[in-house]
Amino acid sequence: MALSRGLRCCARVFSWIPVLIITSVVLWSYYAYVFELCLFTISNTLEKVAYLLVFHVCFVMFSWTYWKAIFTPPASPCKKFQLSYSDKERYEMEERPDAQKQILVDIAKSLPIFTRATSGAIRFCDRCQVLKPDRSHHCSVCEMCVLKMDHHCPWVNNCVGFSNYKFFLLFLSYSMVYCVFISASVFRYFINFWVGDLPNGPAKFHVLFLMFVALMFLVSLMFLLGYHCWLVVQNRSTLEAFSAPVFPTGPDRNGFNVGIRRNLQQVFGENKRLWFLPICTSQGDGHYFPLKSLSESSTSLLANEEKWDEEEESEDDNIGGDRDPSVTVEMDEEE
C-alpha cells in the first residue's frame, strides 16, 4: 500500500515536467525577445516600443489562457448520475448481467442519457459508480469521470473536457499568434545576424535560436489547432473522432452536430465579444447536449431534460422530508 502511494506521488511529480518545459521555454523567449532583441539590438525607438507593446499583449494572453487550461479542474457528473444507496445495493446483489443492465436502464429513464456502450447497454463506470452522461468518459490519469472528455493533455497536465475546452483552444490559438509574431518580427534581425551585418555577441545566439524555436512550435501548432478547429465545427471530441458515439439507433459520428453556428456557440457561447477571452461562456452544464436530428430522439431529450430539472427542484424543496437519512450518509461518504 505504501509502495503504491509512493509511486502515485512520483507519477504526480513527474507529470509536471512537460509544463515546466513549456514554462521554461516561454520565460527564456521573454528574456531573449525583450532584452536581447528589443533593448540590446534594435536601435529605432519607435520600432522598439511597437514591438514591446504587441509582444506583451501576446505574452499576457498566452499566459492567461495557459494558466486557465492548467488549473481549471475537469468537471465530473453531478449527484443525479450517482447510484443511490438502495440502487447500488440492488445492483451489487444482482448476479445476472441482464438483470444488472435492466436496473441501469430503469435508473437512466429519468436522466438525459442517449448514448450507449458498444454492447447497447447503459454506460456505467464501475470505478466512480456513476451512470456516464453523454460524451463523458473515465480518465485513468485523473481517476475520475470527466464531462465531455476530449483527451488528457500532458502539456497542461490536465484533462481537457467541458470545463476547460474553450481555454485549451484559446491556449493553442494564442500560442500560435505568439509564435507568428516572434517569427515575423525577428526575421529581419535573424538574416542580419546570419549574414554578419550585425556584430557577434550574446544577442546573436538568442535571436537565431529564438527564430528556430518559434518556427518549430509554429509548425506543430498549425496542425494541432487546425485539427481541433475541425473538431469544433463538427461538434466532436478527440475520442469521438476515433470512436463514434453509439446511440440506440447505432453509431453516429455526427450525432451531436447541430450546425456550425450552434456548434461554435456550445463551446464559445452566444456573446461573440467574449469568444477570445479565457472566460467560461460555454453553453449548458456538460451533462446533456442537443442531438443532430429533430426527430423522436431530440424530443425525448427535451422531455427528459425538463423531467430531470423538475425532479431536481422537487428534491431541493423536499430536503429532509421523505429522504432516508442513511442514504444521505452513504452518498456523502462516497463523495
Side-chain donor or acceptor of Asn158 paired with backbone N/O of Ala69 under 3.5 Å: yes

Closest non-hydrogen atom pair, Asp134 against Pro112: OD2-O, 3.7 Å

ILVMFWY network linking Tyr227 to Ile260, side-chain heavy atoms under 4.5 angstrom: yes

Members sharing Val219's hydrophobic cluster (side chains within less than 4.5 Å): Phe223

Least distance between heavy atoms, Pro202 atom then Glu36 atom: C-OE1, 4.0 Å

CA sep, side-chain torsions, deciding dist, call: His137, Val146, side-chain contact (heavy atoms from CB on, under 4.5 Å): CA-CA 6 Å; His137 298 273; Val146 179; over 6 Å; no

Aromatic plane relationship, Tyr30 with His56 - under 30° parallel, 30 to 60° tilted, over 60° perpendicular: perpendicular

Within the 6.0 Å centroid threshold, strictly below: Phe35 and Tyr31: yes

Spacing of CG belonging to Leu83 relative to CD1 belonging to Ile107, to within rounding of 0.5 Å: 5.0 Å

Test salt bridge (Lys or Arg N to Asp or Glu O under 4.0 Å) applied to Arg188 - qualifying residues, sequence neighbours left out: Glu47

Side-chain donor/acceptor of His287 to backbone N/O of Cys78, under 3.5 Å: yes

Step-by-step ring pair (Phe, Tyr, Trp, His ring centres under 6.0 Å) determination, Phe124 to Tyr91: CA-CA 11 Å; Phe124 179 72; Tyr91 179 81; 5.1 Å; yes

Nearest-0.5 Å distance, OG1 of residue Thr281 to CZ of residue Phe268: 8.0 Å

Backbone of Thr115 reached by a side-chain donor or acceptor of Arg123 within 3.5 Å: no

Donor-acceptor contact below 3.5 Å, side chain Ser136 vs main chain Leu147: no

Met222, CE: over 12 other non-hydrogen atoms inside 6.0 angstrom: no

Under 3.5 Å donor-acceptor, Lys148 side chain and Tyr288 backbone: no

side-chain contact (heavy atoms from CB on, under 4.5 Å) evaluation trace for Val207 with Tyr33: CA-CA 8 Å; Val207 170; Tyr33 192 91; over 6 Å; no

Lys80 vs Leu111, side-chain contact (heavy atoms from CB on, under 4.5 Å): CA-CA, chis, key distance, verdict: CA-CA 8 Å; Lys80 283 289 183 178; Leu111 298 171; 4.1 Å; yes

Side chain proximity check, Glu89 to Ser84, heavy atoms < 4.5 angstrom: no

Test of ring centre spacing under 6.0 Å for Tyr66 and Phe167: no

Selection residues 238-260 - residue pairs positive for salt bridge (charged side-chain N to carboxylate O under 4.0 Å, His left out), sequence neighbours left out: Arg135-Glu240, Asp252-Lys292

Those residues that, when tested against Arg90, pass salt bridge (Lys or Arg N to Asp or Glu O under 4.0 Å) (two or more places apart): Asp87

Close side-chain approach of Gln266 and Ser282, heavy atoms under 4.5 Å: no

Mutual orientation of the aromatic rings belonging to Phe62 and Phe171 [parallel < 30°, tilted 30-60°, perpendicular > 60°]: tilted

Trp16 atom CH2, neighbour heavy-atom count above 12 within 6.0 Å: yes

Within-4.5 Å side-chain heavy-atom neighbours: Met149 and Cys159: yes

Heavy-atom side-chain proximity of Thr72 to Trp67 below 4.5 angstrom: no

Set of residues satisfying ring-ring contact (aromatic ring centres under 6.0 Å, His included) with respect to Phe40, sequence neighbours excluded: none

Minimum heavy-atom distance between Cys139 and Cys142, given as atom pair plus value: SG-N, 3.3 Å

Phe217 vs Ser175 side-chain heavy atoms within contact, under 4.5 Å: no

Phe187 atom CZ, over 12 foreign heavy atoms within 6.0 Å: no

Under 3.5 Å: donor-acceptor pair, side chain of Lys166, backbone of Ile279: yes

Minimum heavy-atom distance between Gln283 and Gly269, given as atom pair plus value: CG-CA, 4.5 Å

Parallel, tilted or perpendicular: ring planes of Phe181 versus Tyr51, cut at 30 and 60 degrees: perpendicular

Donor-acceptor contact below 3.5 Å, side chain Asn157 vs main chain Ile70: no

Test of ring centre spacing under 6.0 Å for Trp28 and Phe209: yes

The single option from Asn257, Asp150, Asn254 passing side chain to side chain donor-acceptor pair (under 3.5 Å) against Arg236: Asn254

Pairwise side-chain contact, Val156 with Cys153, heavy-atom cut-off 4.5 Å (strictly under): yes

Asp106 side, atom CG; Lys101 side, atom NZ - distance, nearest 0.5 Å: 14.5 Å

Val19 side chain reached by Trp155 side chain, heavy atoms, under 4.5 Å: no

Parallel, tilted or perpendicular: ring planes of Phe289 versus Phe162, cut at 30 and 60 degrees: perpendicular

Value rounded to 0.5 Å, distance of NE2 in His152 from OG1 in Thr238: 13.5 Å

Donor + acceptor pair across side chains of Gln102, Asp98 (<3.5 Å): no

Residue pair Pro18 / Pro154: nearest heavy atoms and the distance that separates them: CB-O, 3.3 Å

Donor-acceptor contact present, side-chain Tyr174 to main-chain Phe276, <3.5 Å: yes

Centroid separation His151 to His228 less than 6.0 Å: yes

Partners meeting ring-ring contact (aromatic ring centres under 6.0 Å, His included) with Trp64 (sequence neighbours left out): none

Aromatic centroids of Tyr178 and Phe55 separated by under 6.0 Å: yes

Min side-chain heavy-atom separation Leu224-Leu172 under 4.5 Å: yes

Residue pair Tyr189, Ile42: steps toward the side-chain contact (heavy atoms from CB on, under 4.5 Å) verdict: CA-CA 9 Å; Tyr189 297 94; Ile42 299 177; 3.6 Å; yes

Exam field: side chain Gln100 to backbone Glu94, donor-acceptor pair closer than 3.5 Å: yes

Short side-chain to backbone donor-acceptor contact, Asn235 and Asn263, under 3.5 Å: no

Interatomic distance, Ser140 atom OG to His138 atom NE2 [nearest 0.5 angstrom]: 6.5 Å

Straight-line distance of Arg262 CZ to Gln265 CD, nearest 0.5 Å: 8.0 Å

For the student: nearest non-hydrogen atoms of Ile122 and Ala108, plus distance: CD1-CB, 3.9 Å

